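Not measured: the values here are computed from a predicted model. Note on naming: letters A, B, ... go to the chains in the order of the sequence lines (proteins, then strands), and numbering restarts at 1 for each one.
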Amino acid sequence: MNTAPKSEAELLERARQIAGMSFGDLAKPANMRVPDNLKRDKGWVGQLLEWHLGATAGSKPVQDFPEIGVELKSIPIGYNGKPLESTFVCVAPLTGITGLTWEASHIRNKLSRVLWLPVEGEREIPVAERRVGSPLIWSPSKQEEALLKNDWEELMDLIALGDVNQITARSGEVLQIRPKAANSRAKTEAYGTNGQPIKTLPRGFYLRASFTSYILETYFA
DNA sequence: TCCTGATCATTT
DNA sequence: AAATGATCAGGA
């Protein structure tokens, strides 16, 4: 089932059809080998779900389903029903951000419509036995978007002022910035305190687990 | 136990 | 190097 869904309804239908299935069962038709753990296959679950739902974007910086304007996010859930991890959204721009507004940002576009797909994530469950949960299609409410926008503006102000190296994961109520790189030696261009170019660790935007937990709780029930 | 900072694979 | 897909791992 690797053709692109023609509508949101079709995408949701496919997601509902794989709900309850194990990764082992889903891996067979996709011709994917199930890893013993995800240490060296951190994106495996996401790619497995992309195959079944017909995502087409690959590694391009656009939504997973650009034709219907939907982003797919798998989210690992623990025994307590809550997310085990934060959710990576996209790379944080560190240059060329003069005049960039929340409304025109890449992150807002990605979060404008999200298909959340909860998956069993406890490490003690063998990967092949972990199951997919029920999908949730979501767009941020005005309140939720205001929270995101506020965090984004504070973080982007720091970046614009050359204070990217002062940003830690503690900043941001629902949206945070953390390293997003192969390792701590990776470098990318950014602004220094006096506006001069500097090299710094690449960063990404992540949604705090407390925020995604709230979303799932609020819209599932 | 939680959560921040670090890390892994792949593709372009 | 930068974008995608994320989870790992250890110190607070």
Side-chain angles (χ1 to χ4, degrees), chain A residues 2 4 23 26-27 30-66 70-97 105-107 109-111 114-127 130 132 151 155 159 164-190 197-214:
Chain A
N2 51 15
F23 295 171
L26 293 173
N31 272 307
M32 293 174 69
R33 285 283 290 275
V34 183
D36 289 335
N37 59 63
L38 300 181
K39 290 182 185 180
R40 300 210 160 184
D41 295 272
K42 298 182 179 183
W44 188 84
V45 176
Q47 285 157 3
L48 177 69
L49 299 178
E50 282 183 350
W51 189 91
H52 279 274
L53 298 180
T56 55
S59 67
K60 293 189 288 293
V62 298
Q63 292 161 313
D64 293 300
F65 302 96
V70 176
E71 174 75 7
L72 171 68
K73 285 294 172 196
S74 65
I75 184 165
I77 303 296
Y79 292 135
N80 62 7
K82 295 185 176 182
L84 289 168
E85 299 287 347
S86 56
T87 298
F88 169 74
V89 183
C90 61
V91 169
L94 303 184
T95 59
I97 59 177
S105 69
H106 187 196
I107 185 172
N109 179 246
K110 282 215 168 185
L111 293 180
V114 178
L115 181 69
W116 296 104
L117 207 38
V119 298
E120 290 182 328
E122 292 287 356
R123 294 181 199 178
E124 69 177 49
I125 306 176
V127 176
R130 298 184 196 176
V132 178
D151 284 343
L155 292 165
I159 291 172
V164 61
N165 288 331
Q166 311 306 316
I167 298 175
T168 74
R170 294 164 186 80
S171 312
E173 186 178 346
V174 299
L175 184 69
Q176 63 183 173
I177 280 183
R178 303 217 306 278
K180 174 60 175 173
N183 55 59
S184 61
R185 284 142 279 152
K187 295 293 180 193
T188 192
E189 191 126 306
I198 63 168
K199 288 290 192 178
T200 191
L201 188 60
R203 319 296 169 96
F205 285 116
Y206 296 77
L207 298 176
R208 291 187 182 278
S210 55
F211 184 60
T212 55
S213 176
Y214 151 81

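Taking atom CG of A:Leu48 as the reference point, atom P of B:dT10 lies 16 Å away to the nearest angstrom. Regarding A:Asp36, its CG atom lies at a distance of 16 Å from the C1' atom of B:dC8, rounded to whole Å.
Heavy-atom contacts from other residues, nucleotides or ligands closer than 6.0 Å to CG of A:Asp36 number 12 or fewer.
Among residue pairs with one or both ends in residues 171-183 of chain A, none qualify as salt bridge (Lys or Arg N to Asp or Glu O under 4.0 Å); sequence neighbours excluded.
The backbone N or O of A:Ala27 lies less than 3.5 Å from no partner atom in the side chain of A:Trp51, so there is not a single donor-acceptor pair. In terms of modelled atom types and a separation under 3.5 Å, the side chain of A:Glu122 and the main chain of A:Tyr79 share a donor-acceptor contact. Remark: the backbone N or O of A:Pro35 is not paired with any side-chain donor or acceptor of A:Asp41 at under 3.5 angstrom.
Remark: A:Thr188 is not in phosphate contact with C:dA1, judged by side-chain N or O atoms under 4.0 Å from OP1 or OP2. One finds a side-chain N or O of A:Ser184 lying less than 4.0 angstrom from the OP1 or OP2 phosphate oxygen of B:dT7.
Each end of the helix from B:dT1-C:dA12 to B:dT12-C:dA1 gets its own axis from five base pairs, and the two axes differ in direction by 30°, given to 10 degrees.
For A:Asn165, the side-chain hydrogen bond (donor to acceptor under 3.5 Å, both in side chains) partners are A:Thr200, A:Arg203, not counting sequence neighbours. Judged as a ring-ring contact (aromatic ring centres under 6.0 Å, His included), and not counting sequence neighbours, the contacts of A:Phe88 are A:Tyr206. Residues satisfying the side chain to side chain contact (heavy atoms under 4.5 Å, CB included) test with A:Thr95, not counting sequence neighbours, are A:Glu189, A:Tyr191.
Residue-to-nucleotide proximity on DNA chain B shows that, of A:Arg208 and A:Arg185, the 5′-proximal contact is made by A:Arg208.
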Protein heavy-atom contacts under 4.0 Å, written 5' to 3' over nucleotides 4-12 of chain C as B (base), S (sugar-phosphate only) or - (none), form the string BBBBBB---
